[in-house]
Each structure stands twice: as C-alpha cells, then as structure tokens.
Amino acid sequence: MGPYVWFLPAFLVIAFVLIYPMVWSLSLSFHQWRVIYATPPVYVGLQNYVQLLGDSFFQEVVLRTITLVIIVVTLQFLVGFSLALLLHSDIKGRYVYVVLFTIPMFLTPSIAALMWKQILQKEWGVLNYVLSLIGFQEVGWLSDPSITFTTIVMLLVWQQSPFFMLFLLAGLQSIPVELTEVAKLDGATSLQIFRHITLPWLIPLLSIAILFRTMFTLRTFDVVYGLWRSSGPVNRGMVLGVYLYDKFKSTWQLGLSSSIAYILLLLTILLGIVFAIITFKRGKI
Amino acid sequence: MKGNRLHKLFFSVGLFALLITLVVGAKGQSQEVQINLITSGGGATAAWRPIVEKFNKEFAGQYNVDYTTVEHQALREKLMLQFITKTPIYDVFSVLNTWAQEVIAYLEPMNELMEKYNFGDVHKVFGGLIDDYIDDGKILALPLRAGTMLLFYRNDWMLDAGLQPPRSLEEIVQVARKLTRDIDGDGKIDRYGMALKLESKSWTIETFSDFFMPHGGWFLTEDLTEASPSLKGPAAKKTFEMMRTLWAEQLIPDPLGWTYHDAVAAFQTGRLGLADASSVRAALIEDPNVSEAAGKMGYAELPRAQLGSHKPSVYAWSWGFAINADSDPAKKEAAYRFVTYMAQHDNQKWMALNRANGPTVLSVLEDPDYLRLNPASAAIMSTYQKGTRVHTPVPQAADIQQVVHEEIQAMMVGYITIEETCQNIYDRINQIMRQ
Amino acid sequence: MKQSNKVFRLTLIHALLILGSAAAVFPLAWTILTSFKQPSDTFAYPPVVFSKGGPTLINYLSIIGSGEVTSGMHLTGIKTNIILYVKNSLTVASLSTLLALIGAFLSAYSLSRFEFKGRKIIAFLILLTRMLPPIALTIPLFVLANKFGLLDRIMVLILPYTALNLPLSIWMLKGFMDDIPVAIEEAARIDGCTRLRCILTVILPLVAPGLVATAIFCFILAWNEFALALVLTVKSSVTIPLLTMVFVAEEGIYWGPMAAAGVLASIPPLLFVLIAQRYMIKGLTLGALKG
C-alpha cells in the first residue's frame, strides 16, 4: 500500500481527465465518422490504420516529421546546453539573461507566429531588409519550398531551446558545490570536472529533456499553422501535427484523425524505446 | 365553532397562496427567452452588433440575444463541435456560404416559421443570394452580409500610365507590365502591378476562381456529381498561363507566401496597383487613417468571356444566419424572429450606410442612397446581376480546395506543366467525389 | 597572462550571450515596437522603429476598456474585456501549476525512493498518457465537461492543464531527486526526523532548482494552451491565447491592437520567470545546500 498512496493525487487527476478521452479516441480510430454528412460512426476495424500506413504521402509526412525531430531536438539541445553552461558561471546580469532567453517560450504562439510572418515576409520583412544591408539577396523564408523546412527548424530552435536551457541550468545549479570544490582541491582541470562530475550528474536529466522534447516536436503544429495557415509551400511543411489537424478540423474525418493521433503515439513510443536502448547502454535512466 | 372558522381561514389562505403561485409561476413561464448568438468577428460584428442591441431593446422582456464573437476558424470548430455532440450552446450563428454545405444537415429549416409569420417570397427579398442556403426546398439560413470578388486598382496610377481597368486576362498581364516598377532605382521593386494569393487553400481557390469562373469554368458538373471538363479546357489553361506569366516575368510578389491581408497591407502602403479581392476588403483600404490609397482606389468587375462551357459567373460570398436544429422550439422561434429582424430593409440599409455592411436584400441593393455611398457598389451590383455562385458548393469542399491548392502551387514553382495541373485537378476531384 | 585570459573569456561569454538574447528577444521587441506605432506604420519599408510622431499609446488605449476596439477611426466590432482574460489566465495557470507540482512531487518521490512492483510500468504509463496529442482529446473532454456542467467554468481548464503538466513534472522531479544520494536522507532520519519532515527540510531545498524549472514549464503550458481553451470555454472562462485571435478579421488583420494585446499577454509570464528564477540560481539557495 505504502508506495502506491503517493500516486493518488496525480492518478486521480490523470484518470479523470485523460483516461476516458484516450479510450474514446482509441475506439473512434476503429471507426469512420464523416460528420459533414451527419451520418453516425461506422465500425471499420483497422482500415484507417492500413489506409494511412500504406499511403505514400503519409509515409512521406512521417519521414519528414522524424527528420525534423532529429534535427530540431539536436539543435535545441546544443543551443540550450551552451546557454546553460554560459549562464552557470557567475557572471553579471545572469538573472536578466535567463528571463530574456525564456521569452521565446512564453510569447503567445499565435502572436509570435504572426510577428514572424511579418519579419520573414520576402519583399518587405525586417529580416530580408537587414540581410539586404549586408548585401544578401532577399530570401523566400515563407514562400520558397526549398527553404520551408529550414524556416520551421529555425523557428522551433528559437522557440524551444530555452526548454533545455532551463532544465540543464537547474541541473547544473543543483550540483553540490562541495563536489566540484573537492575535485578542484585535488587538482582536477575544468575539463576533467566536466567529464567526470558535471556530465554524469546531468545525463539522467538530459535524457528526460530529450525524451519530452522529442515527444512534443513530433506533434509540431503551432509553428507551421501560425506561419501559413496551411502546410506551407507545396506541402513542404506537412508534418504529422499539421496532417492531423487537417484531417480533424479541416475536413472533419474524425475516425481517420483519431488513428493519426494514435500512430503519433505509437511513433513516440517507438522513438522512446530506441532512445531508452541507447541510454540504457550508456548507464541508467 | 371557532375550529370551523379557523379551518375556513386556513383553507382560503391556502387557496389564495396556491392561486398566487400559479399566477406567478405562469408569469415565470412567459419570461424572456434567452438565445445565444455567435458569429465571426471584425467588421461584420461592427455592423451587426448595433442591430442586435436594437433588437434586444425592442423585444425586451420577450427575447434577449447574447452575442459572442470569435475568429473565423474558431467559429467553424465551435459550431461543428456542438453539432457533433448535439449540445446546442448557440441557438443562432453565422455560416459562410462557402462552407455552409458542410453543416447543412444540422440547421433548422425555417419554412414553417416563415409561413407562420408571413415572410413572403425569399427570392423577392434576397434574389439569388438565398440559393446557397436552400437545400431540397428547405430554407436553412438567411443571408445578412454579402459581397463579391472585384478587381481593386489604384485609379491614379492607372490614369498616370494611360491605362484602363483590364477586361481580359491578357490585359491584366499588360497592366502589370506597365505598373510593376522599381521607382527609386535601388534594384528593388517598389510597386507591383498585380498580386496572386496562394498561401493556403482558401486563398488559392479564391484567386483561381476569380479568373476561371468568369470565363465559363467551374469545378464540378452542373449536377454536382463529378469534375467538370472545363478544368481541362481553355478557361483553366488561359488562367494558368496568365498566372505563370505574371510570376515568370516577376510582375507579382512571391505568390506562395502571399495571403489576403498581405494584399490589404500592400494597398494601404502604396505597393500594389491591381489585385482581385473581396469587396469587404475595401473598408480598411479606404480608411485614410491607415491607408495612403484611401480615395484613390477604383473597383471594376472581374474580366469575363465565354471560354469554358459553363455560364460565366463570379464567386459571391455571404454570411447567413442559421438556427440550431438541436435548440428548444421556443429558442428556435426567438432566433427566427431575430434573424428576420436583421434582414429587414431599414436595418439592412442602416448597416450598409453606417457600418460598411454588404447588404443582402434587393431593396437596399437598389436603393440610390446605398449606390451613392459605396464606391464599389456599381461593380458589386453589376456582378450580382450577371450571376454569382459558390466555387465548391458541396460537403467535400475542403478536400477539393486542398487538391486545387496543391496542384496550382506545384505548377507555379514549375514542378508540373499546365497540362499536368489540369489533368491532376480533374482526376483528383473525381476521386474525391466518388468516395 | 591569466588575467587577460580571463577578461577575454568573459568578453566572449558576454558577446555570445548578447547575440543570443538579441535573437531570442527580437520578435517580442518587434511586437512591442509595433504596439507603439501608428497602425499605418506597421508595414513601413524601410522598417521604422517609431512612428513619425514618436511612440503612441492608441493601440493600448483601444484594447483596454470594455468598448469596441477602434483602429484609426475604424470601428472593428471587436470587444476585448482584457481584464477578464488576464484574470482567467492567471487563475488557471497558477492553480494548475500548484496542483501539478504537489501531485508530481509526491509521485516523483515514490518513484525515486521506493522499490515496488510495477514501478517501471507506472513510470511508463505516466509517460504514455502524455503521448496522445491534446487535440485528440478535445471532443471527449467537451462532452465530459458538458456532462458535469463544467463548461465555461474555471475548473474546466484547471483540471486538464494539471493532467497535462503532471507527466513532465513527475519525470523531471524524479530526475532531480534521483541525483540526491539516499544517504543524506538516511542520515537525517537517523537523527530522528520523520519521513515527512525529512522531505520538507532535506529533499525540498535540494530539488529547488528542479521545482522552479518545472513550475516555469507548467505555468507556460497553461498560459499558452490553445486547443483545449478554444473548445472548453464559451465566454466567462476565456484565456489569453483566445484573445489574440480576435484581431484576425475578414477585412484584414488589426496589427496595432493585436501587438498591444501580445505585449500585455507577455507581462505575467515574464514576471513569473523573473521572480521564480531567483530561487533556481545559486546565491539564494546556498544556505539550504549545507543542510
């Protein structure tokens, strides 16, 4: 009884709020329900899943999404970790910097997207203006299909690197001073301290951060939709989150969109397992 | 003896109390009927809200309308949500004729109430605009705000360049060639003579329809069962050629990132000389506080010719007010009274003259006061008279629009030829309609 | 030599930080500038920093107050009751953060400190509940909320946000707790303190940085969440993300008032991060560490 009681508050909330909707959604994924015809849901078994997984366009979308996740999470980690390290040292104005760097995370996403839409506008946006001053030609950030993916990566890295920064900064700040001090007294170099004290301390936290960022990036939607109200030029921004929204709220195929949601879930589990295996080989989770 | 008198007293008091309760209770039943209205926000609300308040005043004690506004896409989601779950939160709401077919099954037919209140012939009141909301003889919404697609242009620039508003697709290209210029010689184009909106499917379908439909093209056969062959015919081909030429000669801003509010902003800042746009966009462009084009604009009908096999038409949009089929009968009736109130001549005229509303009743559209006040009204009236229709008036509208959008974007970037575009759109629409 | 090396390092660090923060802050800075410009200058090219007459307050004035928002002389038909939105968002975000932290702390402690059957499975299931994109939950949650009469009440958002915040919070706090050696706790308990007091006096201060980071994530999620807020609110419990959408109209976008709303919407989370991070960064927590 002992250990389980501790879970009660969390369990109650999660069960009440998430269990029923998740089951409802799962059940719906085995039906077809086109509400624009006002017909009731029709049981179709695994048809939605088979249809999706066999569709070459869907496969393309999945591939694009996974590629996006790998690139984005890696970059977010690099940027966030660098920032955390920079801010860990006792420098002036640290408090100000932390707040500034967190801004991309809490700026209302819909407004941020519209502002970025203005900034990145090809003919008269600020970014191209600044580039023109340095002698660069104007870039179609939002209109050139070959740049679309880069724009999305840029925005996601801008928006969520602070996630890693906060997480890792908290981790760095919680390393007991005694550990590093003793090591310094013993004559260890900064690099040695980093490798043998800091890094092992951070790795468990890092794993969690990467796991969650992967999960959230897999369902990217806000950025793409905010910029284009669609999936971008020639569908270059069509990632799973956008595809899900399109099938759900644009064409109202409720059964199909539920299966897309569950495929996303399965994909997350898959990536999670892959990730767990990698980190398990290295040490502990 | 005393007991008997006491009994009588208690009995009469009890009877009296019962009577009071019945009377008060009955009065409670004929209380005000509260209905909830939701529409999309912006200029439409500026027009509608004062009339809602007027209605509440006039019918105080009988009906009361509580008014919420949300953004367009949010409106569609909220409406569909309440329909799917059969929760009538909003009793009356606005629907756009473009997507009205998606929700038609959930709207309450007004025919009976129209009989009861002697509304009269809907076509006499609204003309052709009501047709978008009639399904199988059932009248499902009343249009309260409408407009159509026009050519917006800078009158002063055209005069300076010795140009007339273009009346054909070729002339559009010629105008663009004359107007698109780098004025200050810094190597960057400061003025565009045309623009095409292809950012997302609503805008792509609008842009394409603006030139395809008035040339006799349409997306479906007249019986709405399959793709129209005009998609592979001259109307489509010539439209695509115009679009490709404009982009190839760099006469337009990059269309794949261009959307409706970009066009509005470009007119306001004096960077755009010509574009196809919805008449409702004129409001912000004619506001001298935010626009340097105020007072300098001209409005013309979209170019038309009989190239395709359908009757040339232009897309007209309208917001109709509809009643929730799941609401209580009392609320439905209140909603009906409200909707017809909004459609009354005086109210429509007031909204048109004071709040830049696009009127939907013929009596206002033909009213000399309205024609005088709105610079675009002549072009609008003329377009209505020549025939308007929705580009995709079927429940599968969203799927069709997505297909058109994808293929046209691919064509503009050069991934596919014009012939392939036509064939792909034709094939994919057939695929959709067969499901 | 060592001195100049240090100075070089410091300058480099500052340069990087300044560059980084400029990139991070730029869109908000642009929003702020736009909010103080005349609406006609929103799209000026070359871009201007201020309008000709200097910064103006008209955008702010137009959205504060219960009348209709005007842009220039133009009646937009938009009514914004900003106080309501801010009040709701603050309530929802604070309460769901608090509830999530409490629930997560307890669960994380159990996961970190106890060995029991199904430990790994529970940890995985917690994670699993977060793996379904929230948009898939909108319809059933709407039905549930309606059934319990919670539609458009504050509670209707607090519970889902707490539920959405719990998995990350539990895993984060567990991670921070795992790093604290059990020995410290055992030493304190040998000294005679009960498990509960132990937790409060030993564990809590040591995971303070983790708690703060978790709190910030929870607050931001609740503050910016849109999909559920759209579906579950009607008019009384509307939150900030819904406010920003009202400026997108069929005749165009009202950039001036929207920028002003965006700026106002950014102030509470900014204050929250400003205050909270002082409990995360060494300087104030030194004392606790010695415990």
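Note on naming: letters A, B, ... go to the chains in the order of the sequence lines (proteins, then strands), and numbering restarts at 1 for each one.
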Contacting moiety of [X], where chain A heavy atoms sit under 4.5 Å:
X        : answer
C/Ile170 : side chain
C/Ile216 : side chain
C/Leu159 : both
C/Phe148 : side chain
C/Thr138 : side chain
C/Tyr45  : side chain
C/Phe124 : side chain
C/Ala136 : both
C/Arg130 : both
C/Lys120 : neither
C/Val248 : side chain
C/Ile220 : side chain

Contacting region of [X] [heavy-atom separation from chain C under 4.5 Å]:
X        : result
A/Leu211 : side chain
A/Trp116 : side chain
A/Tyr129 : both
A/Ile119 : side chain
A/Leu244 : side chain
A/Trp124 : both

As an exercise, state the distance from [atom1] of [X] to [atom2] of [Y], rounded to the nearest 0.5 Å.
X        : Y        : atom1 : atom2 : value
C/Ile275 : A/Tyr95  : CD1   : OH    : 13.5 Å
A/Leu78  : A/Phe164 : CG    : CZ    : 9.0 Å
C/Ile253 : A/Lys117 : CD1   : NZ    : 8.0 Å
A/Thr102 : A/Leu107 : OG1   : CG    : 12.0 Å
A/Leu266 : C/Leu132 : CG    : CG    : 10.0 Å
A/Gln160 : A/Thr217 : CD    : OG1   : 7.5 Å

Handout entry: Ring-face cation of A/Arg213 near A/Phe163 (centre distance under 6.0 Å, axis angle within 45°)
Key = yes
Does [X] use its side chain to pair, donor to acceptor, with the backbone of [Y] at less than 3.5 Å?
X        : Y        : value
A/Ser161 : A/Val157 : yes
A/Thr151 : A/Trp141 : yes
C/Lys37  : C/Val48  : yes
A/Ser89  : A/Leu86  : yes
A/Gln76  : A/Gly80  : no
A/Thr65  : A/Leu240 : yes
C/Lys174 : C/Ser112 : no
C/Trp223 : C/Ser89  : no

Problem - CZ (C/Arg119) with more than 12 external heavy atoms under 6.0 Å - result: yes
Exercise for the section: Count the heavy atoms belonging to other residues, nucleotides or ligands that lie under 6.0 Å from CZ of A/Phe7, then report whether that count exceeds 12. Expected result: yes
So which residue, [options], ends up with the most heavy-atom pairs under 4.5 Å with chain A?
options                                : value
C/Leu221, C/Val25, C/Val207            : C/Val25
C/Gly103, C/Gly175, C/Ser107           : C/Ser107
C/Ile135, C/Ile13, C/Leu137            : C/Ile135
C/Ala213, C/Ser21, C/Ser266            : C/Ser21
C/Met258, C/Met245, C/Glu115, C/Met131 : C/Met131
C/Leu128, C/Val143, C/Ile180, C/Leu243 : C/Leu128

Using a cut-off of under 4.5 Å for heavy-atom pairs, which of [options] has the most such pairs with chain C?
options                              : answer
A/Leu205, A/Ile103, A/Ile14, A/Leu18 : A/Leu205
A/Leu87, A/Val126, A/Leu267          : A/Val126
A/Phe11, A/Phe167, A/Tyr20, A/Phe16  : A/Phe167
A/Met22, A/Met105, A/Gln118          : A/Gln118
A/Ser110, A/Pro9, A/Ala15, A/Ser82   : A/Ser110

Problem - Of C/Phe105, C/Tyr109, C/Phe116, the residue whose pairing with A/Trp6 passes ring pair (Phe, Tyr, Trp, His ring centres under 6.0 Å) - result: C/Tyr109
Practice task
Please list, chain by chain and in numerical order, all residues satisfying salt bridge (charged side-chain N to carboxylate O under 4.0 Å, His left out) with A/Glu123, sequence neighbours excluded.
Solution key: none
Fill in the blank from the handout: Filtered by a 4.5 Å non-hydrogen cutoff, the part of residues 255-262 of chain A contacting chain C is A/Ala261, A/Tyr262
Problem - A/Phe212/C/Phe217 aromatic ring centres below 6.0 Å - result: no
